[in-house]
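Just follow the structure's listing: the first ligand is 1, and inside any ligand the first atom is 1. Worth knowing before you read on, the calculation uses all heavy atoms, side chains too, and leaves out hydrogens, waters and symmetry mates.
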Amino acid sequence: MTLPIEQLQEQGREDTHDHAHRARRPQAVSRNIKDRTLAELAEWFATQGEPPFRARQVFQWLYQRGATDFEQMTNLAKPLRRLLAEHFELGALGRARVLRSADGSLKYAFALADGREVESVLMPNATHHTLCVSTQVGCAMGCDFCMTGRMGLVRNLTPGEIVGQVVEAARDVDEGKFIRNVVFMGMGEPLHNYRALVKAIDILREDMGFGFSARRVTVSTSGLVPQLRWFAQDRVRAQLAISLNATTDAVRSRLMPVNRRWNIAALLEACREFPVEHRSRITFEYILIQGVTDDLADARRLVKLLHGLKCKVNLIPFNATPDSAYQAPPLEHVQAFQQALLERGLLATVRLSKGQDIQAACGQLVVGERRRPLPGRHPAT
Ligand code: SF4
């Protein structure tokens with residue numbers, strides 16, 4: 001179920017109170033080796049009387065060489081490989097469905113160990129790829145325009161399940177190319193799964209693993225203000241994107257219930273306090289929905305709201321589905337909106353949706369599949 005806004009408030013208070021201690025809170029022991037940071041794996045090797053460089057070797061096998069079996073880790077002695085297999089699992093994700101778009105995008109529904117599914121989208125470029133990953137099964141935020149929001153929150157992903165999406169998608173990247181960007185814009189609100197998110201970023205950025213630079217990892221939030229402040233205080237090395245999507249509280253609260261708890265002013269205040277690194281900008285995502293958010297008056301308000309922020313705006317024409325209540329804007333509205341921002345000195349790009357022919361918008365593949373009657377079974381409700 002989608003969390004009522006009162007519970008989101010409670011979550012904010014509880015987690016804020018917990019902030020100083022959250023890093024030290026004991027975690028349930030996981031058998032998924034991809035749930036471990038390099039330091040944690042080195043600690044485990046130390047308990048086995050092994051030197052720290054064993055952890056680096058394992059990271060290379062997991063993330064640079066895509067090992068699918070501990071037996072492949074041939075620079076570790078056989079008894080050590082057996083020991084790893086006794087203590088850990090590789091946490092491989094299943095491929096429930098993979099759809100390929102005419103534009104080369106790949107959309108995955110990855111199967112988790114408990115049978116749940118999450119989506120990732122691999123978007124190709126001439127020299128590199130961008131991967132959009134999920135952080136939760138479903139989402140509690142209930143955004144009105146989003147298929148995932150209709151699922152409600154089912155559960156958080158573990159760090160290994162987040163990292164595992166990158167591992168699996170990397171297997172489909174052609175020789176000589178690589179995944180350069182990871183964007184946390186798939187199913188779920190990343191900051192609502194804060195601990196796992198931060199750990200997954202730590203693992204992804206590790207030189208002995210994928211080695212993503214801070215500029216190539218982007219976290220997109222709907223606006224959980226307390227967690228946004230943790231993100232700043234913890235100096236998490238990643239880019240920040242804000243899913244803004246409206247210029248008045250009335251419209252934003254209608255589209256995004258989170259706005260009823262932390263409104264536009266509160267969100268932008270947290271953004272103004274956010275430490276933006278040299279040569280970086282906060283990205284504000286703005287979905288253009290015909291007759292709802294695509295008026296030129298919105299463009300003018302947006303310029304005023306973002307005045308003084310080191311930022312850019314990413315305009316996203318709404319990707320309408322057959323049963324969505326909203327419509328995509330005409331191309332001329334998109335162009336006029338962008339032009340209005342540019343004329344007023346606001347950097348603005350238009351993100352043309354990739355993979356429209358394969359249901360690439362967040363939640364469409366998993367939620368759409370759940371709604372489709374399965375042979376011999378009742379339709380999911
Ligand atoms: S848009 Fe993002 S935050 Fe909103 S319901 Fe969908 S997944 Fe959750």
Geometric class of the F318/Y326 ring pair [parallel <30°, tilted 30-60°, perpendicular >60°]: perpendicular

Identified side-chain contact (heavy atoms from CB on, under 4.5 Å) counterpart of R351 within the set L315, I316, I287: I316

Test of ring centre spacing under 6.0 Å for F210 and Y63: yes

Aromatic ring pairing F110/Y108, orientation class (parallel under 30°, perpendicular over 60°, tilted between): parallel

Part of C146 with heavy atoms under 4.0 Å of ligand 1, whether side chain, backbone, both or neither: side chain

Under 4.0 Å to a heavy atom of M141 - the qualifying atoms of ligand 1, by number: 3 (S), 8 (Fe)

Atom 4 (Fe) of ligand 1 to nearest N/O/S of C139 less than 2.8 Å: no

Closest candidate by heavy atom, reference atom 2 (Fe) of ligand 1, pool G188, S222, S243: G188

Positive for ring-ring contact (aromatic ring centres under 6.0 Å, His included) with H87, one of W44, F45, F70: W44

Contact atoms of ligand 1, heavy-atom distance to G149 under 4.0 Å: 5 (S)

Ligand 1 atoms in contact with G142 (distance to a heavy atom under 4.0 Å): 5 (S)

